[in-house]
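Beneath this line is the structure, given in structure tokens, with notes to follow.
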Amino acid sequence: MNGIYYYLIAFAVIWILVGIFHEKLSDYGVELNFPVIMWKTQRLRGLISRISNFSPTFWRWFMNVGIVVAYAAMIFITWTLISSIPSVFDTPAVSIVIPGVEMPGSSIYIPFFYGLIALATVLIVHEFSHGIQAVGEKISIKSIGLLLFIILPGAFVEPDEEELKNAKRSSRLRVYAAGSIANISLAVIALLIVSLVSAGIPHYFAEDGIAIDRIVSDSPSDGILKEGMVLKAIDNQKINDSESYANAVSSFKPGDNVTVTTDQGTYTLTLDKNPNNESRGFFGIQANKHFELIDESLGPIPWVLFELGELFEWVFMLNLGIGLFNLLPLKPLDGGYMLEILLSYKLSEEHYKPIVNSISAIMAMIIVFSLVASFI
């Protein structure tokens, strides 16, 4: 069963249970306002306040720099999205990624376990940072919680809307920028950890071919090759490392009959069209370097390096990707509000509101177009 069905079943169960018991659950902060279920609590406000008050000056100046970074990132991600339009049917710039689910048109598959942990870091860091900065700007936090918009989960920190609206523009900018800047900062930290792990691997392991990590559903390899197999040769081209593997797979066209030799036998595949480049053959496998432990006396402990490396790769990718996406000039994303505040320095509300609304509509159409293209 495709992983998406497990999510749909889980969310259906949540909606049914909340629908039946919402009166009792309301005593615990659960609110049902279709199409949204919200769970609110005030228990974590003290923790956010303590973090904010630990060094208010640091948070303020860190986010002053963050505002500049956020606007630069806004320009970058907007240009990236717009420039992707000509190639949207080959390589969509936007696609839905769900841990453990293969999404049509997406070249990214997020492992279920690592994906959930990485997404949790995205939500926690993003929303806590909004809260920390709000407290630093003397804006009260009304509640903290989780939400489910139909089948889309999320988290939130709810500041006092009147206090936020009446705060100085610089204060509001710091609050809106805080979430994405925190995500980008965590992405940088995760990248450093991945680099350290990668530097340590050669001390304990030697590369020993290419191993199959995952088989794409309904691909030429599905039902023939298996995860965990080590590739030895493709059409008599020896596979010794990642470079020889890349050279081998790039030489085939759709419809080619290819012999794949593994550590568990030899198999024949008929290649399909690559979803990202129809002129190239598609095997339907995701492979990675295969390693062997240099010193067996060390036991299984060194293998933890690979688990840490993969986990922090996803922490890096999801925090960077979602953090940048949230800076698009599109309301109700943080980037949309930041653009509105920037324009308010020179324009009146009756002039900047239509501009931001128009830009938001254009950005939304591009995103929807990219998502639809990924399914075609």
Side-chain angles (χ1 to χ4, degrees), residues 35-36 52 59-85 88 93-94 122 125-143 147 149 152 154-185 320-371:
V36 178
S52 179
W59 293 119
R60 178 178 290 267
W61 283 103
F62 177 65
M63 210 47 60
N64 283 340
V65 176
I67 292 172
V68 177
V69 174
Y71 279 120
M74 182 189 298
I75 295 171
F76 168 76
I77 191 62
T78 302
W79 171 249
T80 299
L81 185 62
I82 294 173
S83 62
S84 72
I85 295 176
V88 69
V94 180
V122 172
V125 167
H126 188 99
E127 296 303 332
F128 263 60
S129 295
H130 279 312
I132 290 168
Q133 199 62 46
V135 170
E137 301 298 333
K138 311 303 180 185
I139 298 170
S140 304
I141 296 176
K142 295 169 65 176
S143 65
L147 63 85
F149 178 74
L152 299 177
F156 64 89
V157 169
E158 183 184 18
D160 187 288
E161 293 182 6
E162 281 301 314
E163 292 182 12
L164 180 61
K165 182 179 179 180
N166 295 326
K168 294 188 299 183
R169 283 178 290 198
S170 58
S171 295
R172 284 184 282 145
L173 281 176
R174 283 190 285 267
V175 172
Y176 285 126
S180 288
I181 293 302
N183 288 136
I184 294 171
S185 299
L320 181 63
I322 296 175
L324 289 174
F325 182 85
N326 195 59
L327 288 172
L328 282 170
L330 164 64
K331 292 180 68 175
L333 299 181
D334 292 332
Y337 290 109
M338 291 187 68
L339 176 62
E340 197 170 74
I341 295 171
L342 180 65
L343 294 178
S344 72
Y345 279 98
K346 292 294 184 180
L347 302 174
S348 63
E349 184 173 347
E350 64 179 4
H351 288 101
Y352 72 71
K353 283 281 188 182
I355 293 174
V356 174
N357 290 339
S358 298
I359 294 175
S360 295
I362 293 171
M363 290 292 103
M365 286 189 290
I366 295 174
I367 291 170
V368 171
F369 180 56
S370 295
L371 289 174

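Keep in mind that this is a model prediction, so the values were computed, not measured. Only this structure's heavy atoms are used, side chains among them; waters, hydrogens and symmetry mates stay out.
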Point to revise | salt bridge (charged side-chain N to carboxylate O under 4.0 Å, His left out) against R172, all qualifying residues, sequence neighbours excluded | key: none

Revision key, fill the gap. Output for pair (I132 CD1, W59 CH2), nearest 0.5 Å, gives 5.0 Å

Check your understanding: Does the side chain to side chain contact (heavy atoms under 4.5 Å, CB included) test come out yes or no for F325 and I77, once each step is laid out?
Key -> CA-CA 7 Å; F325 182 85; I77 191 62; 5.6 Å; no

Revision key, fill the gap. Looking only at heavy atoms, the pair that brings L330 and S360 closest together is CD1-O, 3.1 Å

Review point. Any idea which heavy atoms bring P332 and Y337 closest together, and the distance?
Key: O-CE1, 3.4 Å

Study note, to complete from the structure: dist K142:NZ -> E161:CD (nearest 0.5 Å) comes out at 6.0 Å

Practice item. Check side chain to side chain contact (heavy atoms under 4.5 Å, CB included) between V69 and all other residues, then give those that pass, not counting sequence neighbours. Key: V65, I181

Revision key, fill the gap. E162 meets the side chain to side chain contact (heavy atoms under 4.5 Å, CB included) criterion, sequence neighbours left out, with D160, N166

Study note, to complete from the structure: Value for CD1 (I366) from OG (S84), rounded to nearest 0.5 Å, stands at 7.5 Å

Check your understanding: How close do L339 and P329 get, heavy atom to heavy atom, and via which atoms?
Key -> CD2-CB, 3.7 Å

Revision key, fill the gap. CD1 (I359) and CG (L328) are apart, to the nearest 0.5 Å, by 11.5 Å

Practice item. Would you please name every residue forming a salt bridge (charged side-chain N to carboxylate O under 4.0 Å, His left out) with E137, sequence neighbours left out? Key: R60, R174

Point to revise | Heavy-atom side-chain proximity of L320 to N183 below 4.5 angstrom | key: no

Check your understanding: For P35, what residues pass the side chain to side chain contact (heavy atoms under 4.5 Å, CB included) criterion, not counting sequence neighbours?
Key -> F149, I150

Study note, to complete from the structure: For P159 and L164 the tightest heavy-atom approach is CG-CD2, 4.2 Å

Review point. Are the side chain of S52 and the backbone of V135 linked by a donor-acceptor contact shorter than 3.5 Å?
Key: no

Point to revise | Considering all heavy atoms, the nearest Y352-S344 contact | key: CE2-CB, 3.5 Å

Practice item. Only counting residues at least two apart or in another chain, list the ones meeting side chain to side chain contact (heavy atoms under 4.5 Å, CB included) with L342. Key: Y71

Review point. So do K331 and K353 actually touch side chain to side chain, heavy atoms under 4.5 Å?
Key: yes

Exercise for review: Locate the shortest heavy-atom distance separating G336 from V356; write the atom from each residue and the value.
Suggested key: O-CG1, 3.9 Å

Point to revise | Spatial distance of atom CE (M363) from atom CE (M365) [nearest 0.5 Å] | key: 9.0 Å

**Study point:** Criterion side-chain contact (heavy atoms from CB on, under 4.5 Å) against T78, the qualifying member of I82, T80, L81
**Key:** I82

Point to revise | For H130, the option from Q133, H126, E127 that meets side-chain hydrogen bond (donor to acceptor under 3.5 Å, both in side chains) | key: H126

Exercise for review: Hey, could you give me the CD1/NZ distance between I341 and K168, rounded to the nearest 0.5 Å?
Suggested key: 13.0 Å

